[in-house]
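For reference, the structure is listed below as structure tokens.
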Number of protein chains: 2
Amino acid sequence: MKATVPITVASLKVACSQCNLVELCLPFGMAESEIDRLDELVGARRKIKRQQNLYRAGDPFEAIYAIRAGSFKTDVLLEDGREQVTGFQMTGEMLGLDGISTETHSCNAIALEDSEVCVIAYSKLEELSRVVEGLQLQFHKVMSREIVRDHGVMTLLGSMRAEERLAAFLLNMSQRFTARGFSPAEFHLRMTREEIGSYLGLKLETVSRAFSKFQDEGLIAVQQKHIRILDIIGLKRLIQHPSPRS
Amino acid sequence: MKATVPITVASLKVACSQCNLVELCLPFGMAESEIDRLDELVGARRKIKRQQNLYRAGDPFEAIYAIRAGSFKTDVLLEDGREQVTGFQMTGEMLGLDGISTETHSCNAIALEDSEVCVIAYSKLEELSRVVEGLQLQFHKVMSREIVRDHGVMTLLGSMRAEERLAAFLLNMSQRFTARGFSPAEFHLRMTREEIGSYLGLKLETVSRAFSKFQDEGLIAVQQKHIRILDIIGLKRLIQHPSPRS
DNA sequence: ATGGACCGTTGATCCACGTCAACCACGAAA
DNA sequence: TTTCGTGGTTGACGTGGATCAACGGTCCAT
């Protein structure tokens, strides 16, 4: 994921209409005339270095963020120190929606690599989406999509076994890389085995073993964080044909 | 949960401003003058008998629903027949938000008892929330709250053990009954052990054993679906002091 | 290059929960 | 009343993944 854009004066001038992520991001599906009106929406860009927080649980909620470059994880810390990764986000995806309900962020957003986000003041978003119908609809769709995604994760955590979970994870990553113009079969994971494990409700050793097993079976080739999918059909078969459970 | 309302002419006339669920439902937090304007929003009420679907995965999305009486579960069916319950909903809570993103419902909503919902045409909601600021904000908060809730479930499924999960579930139910004016300590579950298990990512036998264990330890008294919480502190301690994992 | 911090892999062992099976309790229908 | 079906409980046993532990690779900073 080296989707950085050459830094020119044009790209520094914040403008959704000029951004190459329109088909992935908030403006997706909006009319051109409507997208032009978004240019006042993105107040600024913000760079976040690897391992740094975009926001933390407890921070007052003021803005949502669209990922312009890089990638993030979101997680929740339990009182006793346990961590649950609730999602991995890539370019064009939105962060911060959790904060609307209580006007306080309820999770942490941490950059997995040096990244950049577009800052969208929530008050401005509300205001503008009262006038621009397409924006209102798109924003609602973005939130709804997040709910549907979460249900998918609940299904994964609640009813799949370790290898099915990892297969589902890899297929999901592949599909999202593809949507961003990268290879469906070869990509670089930005998160550690431990983070994958936390997301999938598994220990890092189990994740590692499942990677090795997939490799032995010729489904993928693993070299640290670099993944090559050799048999996508085989991976899909894994999640449809359950080894029995639930 | 016998929260049925006497059927009078007044209650049949659909009116959020007259509804005793305002503090739980969509209008929560809106100004009185704003709430009056909602009366055009709720087109109709709809009664759903126990075990019947309010909507099914794949149905075209047209409306969201506010539960006026009764309770529901939502679930997702995997190709291979496995079921994952994604939530239990009580009076004042909203159903159908999953449908916005693809204009098609992505889960099933099934009544756990004879129930009644207010039907809110989505097109009308969009229209009205462009004019009534409080409605826009409230609707966004409702969606955001759902996202936060889902993160909570992911945490539960991803990093808690069986007894912690059940304790968290009971405390959550207690808290929601309390918010509805029922006893915090004594309530009637409307779902089966199997549905609880599906929601918590456990088998029904495990749920049953955990109930029995809690009873042996004097934390609760169980009689089928009737639950009495005897030691709420003890239950809370269970989820804070983890038996080690993750 | 060299030491050290991470990160990942792999093996041996353990145990929480799933599986299988028998039985019981309750409510609805006959 | 009896019967039947569904839902709940409990026991015996098996296993998937956690735990504990050792070791190897990679990337820094020096």
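Because only heavy atoms are used, hydrogens play no part in the values below, and waters and symmetry mates are left out as well, while side chains stay in. Quick note on labels: first sequence line is chain A, next is B, and so on, each numbered from 1.
Between B:Lys213 atom NZ and D:dT9 atom P the separation is 16 Å, expressed in whole Å. Taking atom CD1 of residue A:Ile196 and atom C1' of nucleotide C:dC6, one finds them 15 Å apart after rounding to whole Å. When rounded to the nearest whole Å, the span between CG of B:Leu202 and C1' of C:dA16 equals 11 Å. Residue A:Glu163 contributes atom CD, which lies 10 Å from atom C1' of D:dG16 at whole-angstrom precision. Going from atom CG of B:Leu200 over to atom C1' of C:dC17 covers 14 Å, rounded to whole Å. Look at CD on B:Gln215: it is 13 Å from C1' on D:dG8, rounded to the nearest Å. Going from atom CZ of A:Arg50 over to atom C1' of D:dC28 covers 12 Å, rounded to whole Å. The distance from atom CG of A:Leu189 to atom P of D:dT26 is 17 Å, rounded to the nearest whole Å.
Put simply, the residue from A:Thr104, A:Asp98, A:Asn108, A:Thr74 that forms a side chain to side chain donor-acceptor pair (under 3.5 Å) with A:Tyr55 is A:Asp98.
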Report, one pair per line, the protein and nucleotides 8-13 of chain C atoms (nitrogen or oxygen only) whose separation is under 3.5 Å.
{"from": "C:dG8", "atom 1": "OP2", "to": "A:Arg193", "atom 2": "N", "distance (Å)": "2.8"}
{"from": "C:dT9", "atom 1": "OP1", "to": "A:Arg193", "atom 2": "NH2", "distance (Å)": "3.3"}
{"from": "C:dT9", "atom 1": "OP2", "to": "A:Arg193", "atom 2": "NE", "distance (Å)": "2.8"}
{"from": "C:dT9", "atom 1": "OP2", "to": "A:Ser208", "atom 2": "OG", "distance (Å)": "2.7"}
{"from": "C:dT9", "atom 1": "O5'", "to": "A:Ser208", "atom 2": "OG", "distance (Å)": "3.2"}
{"from": "C:dT10", "atom 1": "OP2", "to": "A:Ser212", "atom 2": "OG", "distance (Å)": "2.4"}
{"from": "C:dG11", "atom 1": "N7", "to": "A:Arg209", "atom 2": "NH1", "distance (Å)": "2.8"}
{"from": "C:dG11", "atom 1": "O6", "to": "A:Arg209", "atom 2": "NH2", "distance (Å)": "3.1"}
{"from": "C:dA12", "atom 1": "N6", "to": "A:Arg209", "atom 2": "NH2", "distance (Å)": "3.3"}

Take B:His188 and B:Glu113 through the test side chain to side chain contact (heavy atoms under 4.5 Å, CB included) and record every step on the way to the result.
CA-CA 12 Å; B:His188 197 84; B:Glu113 60 193 307; over 6 Å; no

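Atom CD1 of B:Ile110 is separated from atom CZ of B:Phe88 by 10.5 Å, given to the nearest 0.5 angstrom.
Between A:His105 and A:Phe61, the ring planes lie perpendicular to each other; the angle is over 60°, past the 30° to 60° tilted range. Classified by interplanar angle (parallel below 30°, tilted 30° to 60°, perpendicular above 60°), the ring pair A:Phe182/A:Phe177 is perpendicular.
Checked by atom type and distance alone, the side chain of A:Arg165 pairs as donor or acceptor with a backbone atom of A:Leu200 at under 3.5 Å.
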